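Owing to the predicted nature of the structure, the values given are computational and were not obtained by experimental measurement.
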Amino acid sequence: MGAVYTDFTDEYYNYGTQITVEASANSGYKFVKWNDGKKYNPYKFSILEDKYLLAIFMAEEEEADTTQVQPSDTTATFTWPFIVGGFTYTLTIYLDAACTIPFCTLTFNQYGQLTGITFGTRVPRRSAMANQEEGFSTTINGLSAGTEYFYKMETKDEEGKLLNTDEGGFSTQNSGVITNTEKVDMSVHGGKFIKDNQLYIFRGDKIYNTLGGRVK
């Protein structure tokens, strides 16, 4: 997809030598960034230690590396790209646009495998689960239908340096929730009813799930 050029071709360099490298994309491709997260091109720096650089290119019609989310009623499936040099990927889902009230935080290793999960203080531990699939994808359960959420995905290298951040929001759907009680197959008792093994609660003219999330 491209090549890297530099005026220096020596095997050894004096400490502090100024180096310039430049990425040149082939036709149909474009330079995105270096593996250390820098986007300068040409890239000038001082040699202070051994340094490995990889230029990252992508096809011109491709979108930049971003996290994608596909929500349903009570779940959301996240997929995210491989980031060169990425050692940990941390996905946090928030209940507010300011990203101050976390619903849950999931940590993945460089292979996209789930290594840890924590929950916000307002959410019972059993209300969210992660099902790690093959590759860089995970499904979050226990979300409230018809609710707006926000997320942040942070990628860090082995030393904990931030390489990439994706932020966004999504809303869960209402398609699987009963909005007309006449369609409920089971009897309604004490302002509660069950559909698809899920318990819902009536409060006035509104319907909530057992976590307190409004679904109608």
Say you draw a straight line from NZ of Lys152 to OG1 of Thr165; how long is it, rounded to the nearest 0.5 Å? 7.0 Å

Do you know the tightest heavy-atom contact between Thr172 and Tyr149? CG2-CE1, 4.1 Å

For a 4.5 angstrom cut-off between non-hydrogen side-chain atoms, does Gln173 reach Thr74? no

Are Tyr52 and Phe82 linked, directly or through other ILVMFWY residues, by side chains that come within less than 4.5 angstrom of each other? yes

In terms of hydrophobic clusters joined by side-chain contacts under 4.5 Å, are Val21 and Ile47 together? yes

Determine, using the 4.5 Å side-chain heavy-atom cutoff (strictly less than), whether Leu106 and Leu162 are members of one ILVMFWY cluster. no

Decide yes or no for Val4 and Glu22: does some side-chain heavy atom of the first lie under 4.5 Å from some side-chain heavy atom of the second? no

Can you name the closest pair of heavy atoms from Leu143 and Thr75 and give their distance? CD1-C, 3.8 Å

About how many Å separate CG of Asn164 and CG of Asp157, when rounded to the nearest 0.5 Å? 12.0 Å

cation_pi(Lys51, Phe45) dist<6.0 Å, angle<=45: yes

Would you indicate whether the side-chain heavy atoms of Tyr15 and Leu48 approach each other to under 4.5 Å? yes

With rounding to the nearest 0.5 angstrom, report the CZ to CZ distance, Phe57 to Phe31. 7.0 Å

Please tell me if the side chains of Thr88 and Gln110 come closer than 4.5 Å, counting only heavy atoms from C-beta onward. no

Do the ring planes of Phe170 and Tyr151 sit parallel (below 30°), tilted (30 to 60°) or perpendicular (above 60°)? tilted

Does the side chain of Tyr89 come within less than 4.5 Å of Met153's, by heavy atoms? yes

Counting only heavy atoms not in Asn26, do more than 12 fall under 6.0 Å of its CG? yes

Would you name the heavy atoms of Thr67 and Pro81 that are closest together and state the gap between them? N-CD, 4.4 Å

Compare all side-chain heavy atoms of Ile140 with those of Ile93 and state whether any distance is below 4.5 angstrom. yes

Looking only at heavy atoms, which two atoms of Ala76 and Val69 are closest? And how far apart? CB-CG2, 4.0 Å

How about Gln18 and Ser46: does a side-chain donor come under 3.5 Å of a side-chain acceptor? yes

Atom OG1 in Thr155, atom CG in Leu163: separation rounded to 0.5 Å? 7.0 Å

So the side-chain hydrogen bond (donor to acceptor under 3.5 Å, both in side chains) pairs with at least one residue in residues 92-106 (sequence neighbours excluded) are Thr92-Thr105, Asp96-Thr100

Taking C-beta and beyond as the side chain, do Ser137 and Thr77 meet within less than 4.5 Å on heavy atoms? yes

Do Trp34 and Phe87 sit in one hydrophobic cluster, given that two such residues count as connected whenever their side-chain heavy atoms are within less than 4.5 Å of each other, even indirectly? no

What are the two closest non-hydrogen atoms of Thr138 and Leu91, and how far apart are they? CG2-CD2, 4.3 Å

Does a side-chain heavy-atom distance below 4.5 Å link Lys161 with Lys156? no

Results of side-chain hydrogen bond (donor to acceptor under 3.5 Å, both in side chains) for Tyr43 - residues two or more places apart only: Asp36

Testing the basics here: between Phe119 and Cys104, what is the closest heavy-atom pair and its distance to 0.1 Å? CD2-CB, 4.0 Å

Give a yes or no on whether Ile117 and Phe78 share a hydrophobic cluster (residues Ile, Leu, Val, Met, Phe, Trp, Tyr; joining criterion: side-chain heavy atoms under 4.5 Å apart). yes

Once you measure the plane-to-plane angle for Trp80 and Phe108, does it fall in the parallel (<30°), tilted (30-60°) or perpendicular (>60°) bin? tilted

Working note: Lys30 + Met58, criterion side-chain contact (heavy atoms from CB on, under 4.5 Å); need CA distance, chi angles, decisive distance, verdict. CA-CA 6 Å; Lys30 60 183 178 181; Met58 71 178 182; 3.1 Å; yes

